[in-house]
Amino acid sequence: MNIQTLLNQRIQAAMTAAGAAETAPALVRQSAKVQFGDYQANGIMGAAKALKMNPREFAQATLEKLDLSDVADKVEIAGPGFINIFLKDLWLGKELAQLRTSDRLDIGEVSKPETVVVDYSAPNLAKEMHVGHLRSTVIGDAVVRTLEFLGHNVVRQNHVGDWGTQFGMLLAYMERLREESTEISMVLSDLETFYRAAKTCFDDDEAFATRARELVVALQSGDAECLKLWDEFIEISLRHCEETYAMLGVSLERQHVMPESAYNDDLQNVVNELTEQGLLKESNGAQCVFMEEFANKEGEITPIIVQKTGGGFLYATTDLAAVRFRQHTLNADRVLYFVDARQSLHFQQIFTLSRKAGFVKPETQLEHMPFGTVMGSDGKPFKTRSGGVAKLSALLEEAQERAYKLVASKNEDMDEEELRNIARVVGISSVKYADLSKNRTSDYVFNWDTMLSFEGNTAPYLLYAYSRVASIVKRSEIDVASLTGDINIIEAQERALAVKLCQFEEAIQQVVNDGMPHFLCAYLYDLAGTFMTFYEACPILNAEDETKNSRLQLALNTASTLKLGLSLLGIETLERM
RNA sequence: GCUCUGUUAGCUCAGUUGGAUAGAGCAACCGCCUUCUAAGCGGUAGGUCACUGGUUCGAAUCCAGUACGGAGCGCCA
């Protein structure tokens, strides 16, 4: 149930009936302050202006066409021409009872499902996943889960980097180890060390560097021996990624991997098509596309290079091939790219060119969902204490260890197995939530103490709130499914909780519209806080029968909403902590 | 140099697309455990939304400029 949508429709219809243009939006929002009601419509002033009417008079005219008596018990005009809506307690209670009847919390699936291709995570297989992959992976996964929940057809695409010059170096190093009869799988268990060793040879040993370059050529021209070696490397590297995904609780699997190499055979076709369309231009020996959209004020254009001098293809060429694949083979209605903000220009160019070249239908949406950098406390990109790039797996191990210390200190007589499990959930979710709860586009500072704190907008706070509700439900010893009866809203804290519970769908909607899970995080944090206040003020299990029944239903609704909301973010809940 | 992007409380962050008196958490201060998990709750204090001008009924939000920061910019991905 979406109150905002309901009110928007009703008020907009009333505005139209009162003489406004059909396109004039009602602009219904949750009210900023309690004295302004639960919702406010901000669209009256704008519409009145277009009609050259006094806004309060137009508000009055709108009210005369508006009947909200089923959902609101007060609708008033305020200030310059706001319409404030005070929802009816009885109606809220009925709606909440309705939510409880479905495990989807009465949130419907979309009437027209779209095929949404989501490009996220995309690690480079030459190295191990590091902290830089956290954002794309975690945010992308939350959006994917939410889109799927709403009934869209989601196609995950893990565009892993498995192709390019650096693989020559790695293959040359594998070759050398094999000659020395070293057990390769052992050495590859630490990709980071392997990469550094290979790099050292490449930089210091001319013969090695030459061999590395030969191997790149051999690889790209399909040499069987070389491909075998490469396959072996890729397989091991992918398994590393999968271990990290499993630890993180990310829904990416092998079938979602669509590597750069998969587009290799199509790259010449991309260039040919661009040539046929007269979009290509040779410049200093390279094949480029110059689009006036990317000119500066002097008229100089930043080109896209799709084929370099000597015939090699580039990053842009692969991405163009990927766009075509996603349109023509995957039938995308919408493609979301969760990729670092530094690549904004690149994606603007790819999208613009894809449209010009007809690689996508005009109605297909291509959206870059950029995100900022994870910073250290010094305000520079996050590094380990030794100054290196932080490996994601090591980071997650540390999170669990830190969580273990916290959890153990609070639960002295809990058995080891449960402690470990709680520490795992708290540790992992803290890292994920710290990332998810920030506006995706901004940089944020990585701080263990803040993310593992039980205070503020953190995973531990939400998990604790959930376990408190869960504990009540358990203690009530009531068959949850059979619990019926009215939800009576009497205390202010009950009302606040009831309204908040009815706003879940609004929060979910924001996640899929803008690819921004932090709206859902903010909602859940708000809900948890509202519940805590209710919990302190309104005894549940010790209340009289009817009140107890009503409050228990509010608690159950809170539990279901927190659990479902967190699951959409890819976060597990705990019944006890 | 050009092009993006950012600047909100001492710190970390929100701010629903232009709405009413700008919100949280931390840190500081004051309270609340013989009743459902105090890993909690209530309260006090803290702001020239970087600066200047503009647009209009109304600006943290839109436009222009200035200062400072970050990123990107022809053959890496």
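Below, read A as the first sequence line, B as the second, and so on, with proteins coming before strands; counting in each chain starts at 1.
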_Sugar-phosphate or base contact per nucleotide [nucleotides 72-77 of chain B; S, B, -; heavy atom under 4.0 Å]_ = SSBBSB
*Could you run down nucleotides 60-69 of chain B 5' to 3' and tag each one B, S or - for protein heavy-atom contact under 4.0 Å?*
----------
_Base-contact (B) and sugar-phosphate-only (S) positions in nucleotides 27-39 of chain B, heavy-atom cut-off under 4.0 Å, - elsewhere_ = --------BBBSB
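Rounded to whole Å, the C1' atom of B/G46 lies 14 Å from the corresponding atom of B/U8. As rounded to the nearest Å, B/A67 and B/A45 have C1' atoms that lie 32 Å from one another. Taking the P atoms as reference points, B/U3 lies 27 Å from B/A77, given to the whole Å. The P atoms of B/U61 and B/G65 are separated by 16 Å, rounded to the nearest whole Å. For the C1' atoms, the distance from B/G10 to B/A71 is 28 Å, rounded to whole Å. Rounded to whole Å, the C1' atom of B/U56 lies 36 Å from the corresponding atom of B/G72. Annotation: B/G6 and B/A14 have their P atoms spaced 12 Å apart (nearest Å). Taking atom C1' in both B/U7 and B/C41, one finds a spacing of 35 Å when rounded to whole Å.
For the ring pair (Phe, Tyr, Trp, His ring centres under 6.0 Å) criterion with A/W163, the lone passing option out of A/W230, A/Y263, A/F313 is A/W230. The one candidate from A/T137, A/V138, A/V143 that meets the side-chain contact (heavy atoms from CB on, under 4.5 Å) condition with A/F338 is A/V143.
Distance A/K49 NZ to B/G18 P: 14 Å, rounded to the nearest Å. One atom, CD of A/E57, and another, P of B/C57, lie 17 Å apart when rounded to the nearest Å. In this structure, CD1 of A/I44 is placed 16 Å from C1' of B/G18, rounded to the nearest angstrom. Between the C1' atom of B/G15 and the CD atom of A/Q30 lies a distance of 13 Å, rounded to the nearest Å. Protein atom CZ of A/F294 is 12 Å distant from nucleotide atom C1' of B/C4, rounded to whole Å. If you take CG of A/N439 and C1' of B/C13, they are 10 Å apart, rounded to a whole angstrom. Atom CE of A/M375 and atom C1' of B/U5 are 12 Å apart (whole Å). In this structure, A/D340 places its CG atom 15 Å from P of B/U5, rounding to the nearest Å.
Taking the centre of each ring, A/F347 and A/Y337 come in below the 6.0 Å mark.
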*How does RNA chain B look in dot-bracket notation if pairs are Watson-Crick or G-U with both distances under 3.5 Å, crossing ones as [ ], other-strand ones as |?*
(((((((..((((.....[...)))).(((((.......))))).....(((((..]....))))))))))))....
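Atoms CD1 and SG, from A/I301 and A/C288 in turn, are 11.0 Å apart once rounded to the nearest 0.5 Å. Here the OG atom belonging to A/S237 is positioned 8.0 Å from the CG atom belonging to A/N124, to the nearest 0.5 angstrom. A/L274 CG to A/L280 CG: the interatomic distance, rounded to the nearest 0.5 Å, is 5.0 Å. Distance check, rounded to the nearest 0.5 Å: NE2 of A/H159 to CD of A/E260 gives 4.5 Å.
Under the 30°/60° scheme for interplanar angles, the aromatic rings of A/F233 and A/F167 are found to stand perpendicular. Using the six-membered ring where Trp is involved, A/F446 and A/F382 have ring planes that are tilted, between 30° and 60° apart.
A/H518 has a side-chain polar atom (N or O) that falls below the 4.0 Å cut-off from OP1 or OP2 of B/G15. Checking the phosphate oxygens (OP1, OP2) of B/A14, a side-chain nitrogen or oxygen of A/S442 falls inside 4.0 Å. Side-chain nitrogen and oxygen atoms of A/K33 include none within less than 4.0 Å of the OP1 or OP2 phosphate oxygen of B/A20. Note on A/Y523: every side-chain N or O is 4.0 Å or more away from OP1 and OP2 of B/G15. Not one side-chain nitrogen or oxygen of A/S453 sits closer than 4.0 Å to the OP1 or OP2 atom of B/G25.
Side-chain contact, A/Q553 with A/N557: no donor N or O sits under 3.5 Å from an acceptor N or O. There is no side-chain donor-acceptor pair under 3.5 Å between A/Y120 and A/Q157.
By the rule that a glycosidic angle within 90° of 0 means syn, B/C33 counts as syn.
A/N54 comes within 4.0 angstrom of no nucleic acid atom, judged by non-hydrogen atoms across all strands.
Screening residues 523-539 of chain A for salt bridge (Lys or Arg N to Asp or Glu O under 4.0 Å), with sequence neighbours left out, gives A/R468-A/E536, A/K500-A/D526. Within the structure, every pair that satisfies the ring-ring contact (aromatic ring centres under 6.0 Å, His included) test and touches residues 499-521 of chain A, not counting sequence neighbours, is listed here: A/F504-A/Y523.
By the 6.0 Å contact criterion, CD on A/E282 is enclosed, its count of non-hydrogen atoms from other residues, nucleotides or ligands being greater than 12.
Comparing A/N84 and A/S344 along RNA chain B, the residue whose closest nucleotide (by nearest heavy atom) sits nearer the 5' end is A/S344. Taking for each of A/Q348 and A/G456 the nucleotide of RNA chain B with the nearest heavy atom, the 5'-most of the two is the partner of A/Q348.
Side-chain contact between A/I3 and A/E506 is present, with heavy atoms from C-beta onward closer than 4.5 Å.
The main-chain N or O of A/M1 is found under 3.5 Å from a side-chain atom of A/E505 such that the two form a donor-acceptor pair.
Within 3.5 Å, no donor on the side chain of A/D443 pairs with an acceptor on the base of B/A71, nor the reverse.
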